[in-house]
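Just below is one structure, and these are the notes that go with it.
It should be emphasised that the depicted structure is a prediction, and the values quoted were computed from it without experimental measurement. Atoms within each ligand, like the ligands themselves, are counted from 1 in listed order.
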Amino acid sequence: MKLLIAVIQNEDSKKLQQAFNKKGVRATKLSTTGGFLSAVNTTFMVGVEDHKVDDVLELIAKYCKTRTQTMISSPTYDITLDAGFDYPIEVEVGGATVFILPVDAFKKF
Ligand code: 2BA
C-alpha cells in the first residue's frame, strides 16, 4: 500500500474529489497554504493499494491544471535604505505536487 500526498490548487479540488468518489478512491482533503505564495491550496491524502497507484495518478494529472499566478516581489532596499519599487512576478503553479510514500501498516478500528 502507498500513501499519496497530493498538493493541488483549490480550483481543481472539487472536480478531483468528485472523480475520486466516482472511482471509489478514498481520500482525505486538507486545506493547506503554500509556503512560497502563501496562497490557500488543497492537499489530498490518499491511501491506495499498490496496483491502483497509477490510476490515481492518472486522475490527478487529468484534473489538475498548471496556472500562472502573479505575486508582488518584496521591496528591495539599497545601501541608503531607500526602498526600491515592488514589481509583479509571474509564477507557474501546479498542476500537482505528489509525494508517494510506502505504508508500513494500515489499520481501522
Ligand atoms: P507554494 O510554496 O506557494 O509555491 C507556489 C509556486 O511558486 C510553486 O509551484 C513554484 O512554481 C514557485 N516556487 C515555490 N517555491 C519557490 C522558490 N523557493 N523559488 C522560486 N519559486 C518557487 P509548484 O511547484 O507547482 O508548487 C505548488 C505548491 O505545492 C506549493 O505552493 C506548495 O504548497 C506545494 N509544494 C511544492 N513543492 C513542495 C515540496 N517540495 N514540499 C512540500 N510542498 C511542496
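- Sorted by chain then number, the residues whose non-hydrogen atoms approach ligand 1 to under 4.0 Å are Val7, Gly34, Gly35, Phe36, Leu37, Asn41, Val91, Glu92, Val93, Gly94, Thr97, Phe99.
- The local environment of NZ in Lys52 is sparse, with at most 12 non-hydrogen atoms from other residues, nucleotides or ligands closer than 6.0 Å.
- Cluster annotation: Phe20 is connected to Ile100 through the hydrophobic network of ILVMFWY side chains, with a link wherever side-chain heavy atoms come within less than 4.5 Å.
- Under the 4.5 Å side-chain heavy-atom criterion for grouping Ile, Leu, Val, Met, Phe, Trp and Tyr, Leu57 is connected to Val46 within one hydrophobic cluster.
- Grouping the Ile, Leu, Val, Met, Phe, Trp and Tyr side chains by contacts below 4.5 angstrom, directly or via other members, places Leu59 with Leu4.
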Report the C-alpha separation of Val98 and Ile5 in whole Å, then their side-chain angles, then the decisive distance to 0.1 Å, and conclude whether the side-chain contact (heavy atoms from CB on, under 4.5 Å) test is met.
CA-CA 6 Å; Val98 185; Ile5 300 176; over 6 Å; no
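- In terms of hydrophobic clustering, with Ile, Leu, Val, Met, Phe, Trp and Tyr side chains grouped at heavy-atom distances under 4.5 Å, Phe99 and Phe106 are assigned to a common cluster.
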